[in-house]
Structures are given as structure tokens and as C-alpha cells.
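Note that the structure is a prediction, hence the values are computed from the model and not measured. Atoms within a ligand are numbered from 1 in the order they appear, just like the ligands themselves.
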Amino acid sequence: MQTITAVAGLRCVLAEARKAGRRVGFVPTMGYLHDGHLRLVEASRALCDVTVLSIFVNPTQFGPTEDLGTYQRDFARDEKLCRDTGVAILFAPDAKEVYPPPFETFVEPGELAKPLCGAFRPGHFRGVATVVCKLFNMVQPDIALFGQKDLQQCSVIRRMVADLNLPIEIITVPTVREPDGLAMSSRNRFLCAKERRRALAISRGLFAAADEFRSGEREADRLIAIAKRHLAMVDTLKPAESPLRRASALCAAAFIGSTRLIDNVILQQVAI
Ligand code: PAF
């Protein structure tokens, strides 16, 4: 595995790979890797010859009062995990490499970025879209892989790729969960033992609502009420058009202590 910090070096190595006809898969991350990230690497390796994983804690997607300063970092551990999982290139630029001053051009996502996390975290998806667009231009992958846990992020990125004609296939990989159902997230490490137990209410609520959906419930409000019953404190559950006729997702965001966690389940009507 090669660890590269400069865009110029990355371009050189990847130009060689592309000249040799190799397919490039890309997994963008902010580090502090967990099994969810490693599943993305495995999926990329199954589809591509070369997997690039980036680690960059992107300042532009954090609000002024958010956890940028305390966001967990452990580069040595991440590097080892990448090596062990078969990442070919670990791209770890610093902020000056990604945003060389006087940086002033941003990607502004539209309506998809407004509800849910977008409403709660103003400017978040502008930062995500901008850094992902820049990373796509640096890596120029054939495919890029994202976790379903960040469902709204996946939608914003898919729309950006379509709107800006970026020649990249976006692959969404199902959420990886702890054995008790909690969706894996770098932020789970902020939870104390009591909060970790309370956090289970998020996935339990979503699974209970998904069970009701499977039993035929199509009223969005009732499904949301079922999920909410399990949740200690919900900041956003946005209703879809009710009754549900198309595939929908039930998305939850909840503060467990001071840690904001998100999760979702896809409600898919099975054709009979
Ligand atoms: O999902 C994340 O970890 C980040 O939002 C991403 C896509 C790496 C952009 O910084």
C-alpha cells in the first residue's frame, strides 16, 4: 500500500494504473475507520483493480459549534486497517492541499440538501458536496462507494454527479451494524456505556416501524409514531407522502447525550 499526501503524487500513480487499464474504486472517509468503512473497501475490491481510500476530516462540512476539534483521529490505526484490508492507495491530504488559499469556490447542492440533516446542520451538505467533488477530481475514479447510513449524503452526491456530468458510478453499500443493531459510526465512540444502551432506541424504533410496514402499514405518520416511541429525543423524522406508495426511507436523527447519531431503514414494497 502507498500512503500519499499530495494531489500531484496521487495523479502520477493513478495515471500509471489507468494506462495499464486498471479500474479504480474510491472510498472517501474522514478516518477513524470502522467495519462500515472496511465493507466499502471490500465492495470496491470486488469491483475494481485498485482501491483508493481517502482520509480527510473536512472542515467545510462542520458548523462553527460542531465537533471538528474533537472528531476522533488515529492515523496509525487507520493506516494499518487499510493495509490489512487491501487498500492500494491511502490518500491523506492536509487542509492546505485540499483548500489551497485563497479558496473560494463551492458546490451548492439544491433541494435534496435542505431537509433532515441539511435543516439541522446548515451548510453541511455544501461542504460535503464541495469536498467530494474535489476528491473526485483528484482521484478520478471509475466508481465511488458510500454507506447507506448517510442516506441523504448519498442522494446529494448522486444528484451532484448527474448534474455536473461527473463520469463516476456511485455505489451505496448497506449499513453495517453492531450485533445489537446500532449502526456503525465513528461517533459511537463518544458514547458512554449508558448512552450506548440508549442509542439502541434508534435502530429498534426503525426496525419496529419497518416490521409494521412489512405487515402492511402505509401511513407515514403511524410509522413515524412507532419509531418515535422508541426514541429518547428525536430532532428530525420527516414524513413522506402518505400513504406510502413508492419505496421510501424512514430516517432518524437523535441526540444521545451530546452525540448526534443518524440511521435509516428503507421501506420497500415487495411486488407480488
Ligand atoms: O461520510 C463521510 O465520511 C464524509 O461526509 C465524506 C463523504 C468523506 C466527505 O467528507
List for me each residue that meets side-chain contact (heavy atoms from CB on, under 4.5 Å) alongside Ala113, sequence neighbours excluded, and say none if there are none.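 Ala113: side-chain contact (heavy atoms from CB on, under 4.5 Å) contacts with Pro109, Phe125, Val156.
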Test side-chain contact (heavy atoms from CB on, under 4.5 Å) applied to Pro59 - qualifying residues, sequence neighbours left out: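 Partners of Pro59 under the side-chain contact (heavy atoms from CB on, under 4.5 Å) test: Phe56, Leu68, Tyr99.
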What protein heavy atom is closest to atom 1 (O) of ligand 1, reported as residue, atom name and distance in Å?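 Sorting protein heavy atoms by distance from atom 1 (O) of ligand 1 puts Gln153 NE2, 2.8 Å first.
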Proximity of Thr29 to ligand 1 by residue part, where a heavy atom lies under 4.0 Å: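 For Thr29, only backbone atoms sit under 4.0 Å from ligand 1.
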Cationic N near anionic O, under 4.0 Å, Arg198 to Glu195: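 Salt bridge flag = no for Glu195 with Arg198.
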Any carboxylate oxygen within less than 4.0 angstrom of a Lys/Arg side-chain nitrogen, looking at Lys114 and Glu111?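 Yes, charged N to carboxylate O under 4.0 Å.
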May I ask which of Met30, Gln61, His37 has a heavy atom nearer to atom 9 (C) of ligand 1 than the others do?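 That would be Gln61.
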Give the atoms of ligand 1, by number and element, whose distance to some non-hydrogen atom of Val131 is under 4.0 Å.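 This gives 9 (C), 10 (O) as the contact atoms.
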